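Report on one structure; see the data block that follows.
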Amino acid sequence: QVQLVESGGGLVQPGGSLRLSCVVSGGIFSIAIVGWYRQAPGKERELVAAISSAGGSTNYADSVKGRFTISRDNAKNTVYLQMHSLKPEDTAVYYCSAHVLRRYWGQGTRVTVSS
């Protein structure tokens, strides 16, 4: 019954911004650690950002610190990734993952940063 649905991806110019959203259904959101991961073609999937169940603790990959912000709205069962100052190397499929006993994954939303 647990489902994760990402949205908000698209084509953006370098230096631009996007906000990704992930809706987590199935009754686990309020107790789940949620993370955003990304995978570029030919590359391994990597952690971008994570947030604790209450939103009091966050963690970011060094490559996105200062540019990306992860947040969550437990009332809406939604986690967000606000991305600013996007670079071509940010191009990837972005996946949402919720952690409760095991990992649950969404199908991803594609972000392309290109001029």
Side-chain angles (χ1 to χ4, degrees):
Q1 293 184 9
V2 175
Q3 293 186 355
L4 286 71
V5 181
E6 303 96 331
S7 62
L11 175 64
V12 65
Q13 293 183 332
S17 300
L18 284 174
R19 189 179 76 161
L20 307 183
S21 299
C22 174
V23 178
V24 182
S25 62
I28 68 167
F29 188 80
S30 64
I31 61 171
I33 297 171
V34 181
W36 284 98
Y37 294 74
R38 67 186 181 187
Q39 187 167 27
K43 300 291 184 65
E44 296 292 323
R45 186 172 298 188
E46 64 176 346
L47 175 68
V48 176
I51 188 167
S52 62
S53 60
S57 180
T58 58
N59 187 43
Y60 298 92
D62 288 341
S63 60
V64 307
K65 286 181 179 177
R67 299 189 297 119
F68 291 10
T69 302
I70 188 169
S71 62
R72 66 191 294 160
D73 186 339
N74 283 8
K76 297 181 178 180
N77 295 159
T78 302
V79 64
Y80 305 94
L81 185 68
Q82 181 66 59
M83 305 184 292
H84 295 296
S85 302
L86 284 161
K87 305 174 181 179
E89 51 262 45
D90 295 318
T91 296
V93 176
Y94 284 71
Y95 298 90
C96 181
S97 179
H99 305 242
V100 181
L101 300 179
R102 55 151 289 182
R103 283 181 177 173
Y104 299 88
W105 294 92
Q107 65 182 2
T109 184
R110 184 176 298 275
V111 172
T112 302
V113 185
S114 176
S115 60

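What you see is a predicted model; the values in this text were computed from it and never measured. Numbers here simply count residues along the sequence, with the first being 1.
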Discussion item. One pair to check against side chain to side chain contact (heavy atoms under 4.5 Å, CB included): R38 and S63. What are the steps and the verdict?
Written reply: CA-CA 12 Å; R38 67 186 181 187; S63 60; 3.4 Å; yes
Discussion item. E6 vs Q107, test: side chain to side chain contact (heavy atoms under 4.5 Å, CB included). Steps then yes/no.
Written reply: CA-CA 7 Å; E6 303 96 331; Q107 65 182 2; 4.2 Å; yes
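Proximity of a side-chain donor or acceptor of N74 to a complementary backbone N or O of S53 within less than 3.5 Å is detected. Using modelled atom types, no side-chain atom of R72 and backbone atom of G55 make a donor-acceptor pair closer than 3.5 Å.
Pairing each heavy atom of H84 with each of S17, the nearest pair is ND1-OG, 2.7 Å. Between V111 and L20, the closest heavy-atom pair is CG2-CD2, 4.0 Å. Looking at every heavy atom in both residues, V34 comes nearest to C96 through CG1-SG, 3.7 Å. Residue Y60 comes nearest to I70 through the heavy atom pair OH-N, 2.9 Å, listed as atom of the first residue, atom of the second, then distance. Taking both residues in full, the closest heavy atoms of I28 and A98 are given as CD1-CB, 4.0 Å, listed atom of the first, atom of the second, then distance. When all heavy atoms of A92 and A40 are compared, the pair lying nearest together is CB-N, 3.8 Å.
Cluster membership for V100 and F29, using ILVMFWY side-chain heavy atoms within less than 4.5 angstrom, is shared. Connection of L81 to V113 is established within a shared hydrophobic cluster, with ILVMFWY side chains joined at heavy-atom distances below 4.5 Å, either directly or through further cluster members. Y94 and I33 are members of different hydrophobic clusters when ILVMFWY side chains are connected at heavy-atom separations under 4.5 Å. There is no path of hydrophobic side-chain contacts, each under 4.5 Å, that joins Y37 to V48. Under the 4.5 Å side-chain contact rule for hydrophobic residues, L18 and V64 share a cluster.
To the nearest 0.5 Å, atom OG of residue S52 and atom CG of residue N59 are 10.5 Å apart. Between atom OG of residue S97 and atom CZ of residue R102 there is a gap of 9.0 Å, rounded to the nearest 0.5 Å.
Remark: E46 CD is packed, more than 12 non-hydrogen atoms of other residues, nucleotides or ligands lying under 6.0 Å away. Residue Q3 places its CD atom among 12 or fewer non-hydrogen atoms of other residues, nucleotides or ligands, all under 6.0 Å distant.
The pair D90-K87 does not count as a salt bridge, with every side-chain nitrogen at least 4.0 angstrom from each carboxylate oxygen.
For the pair S114/L11, a side-chain contact is recorded, criterion being any heavy-atom separation below 4.5 Å from C-beta on. Side-chain contact check for W105 versus R45: some heavy-atom pair is nearer than 4.5 Å. Residues S7 and T109 are not in side-chain contact: their nearest non-hydrogen atoms beyond the backbone lie 4.5 Å or more apart. Between Y95 and L4, every side-chain heavy-atom pair lies at or beyond the 4.5 Å cut-off.
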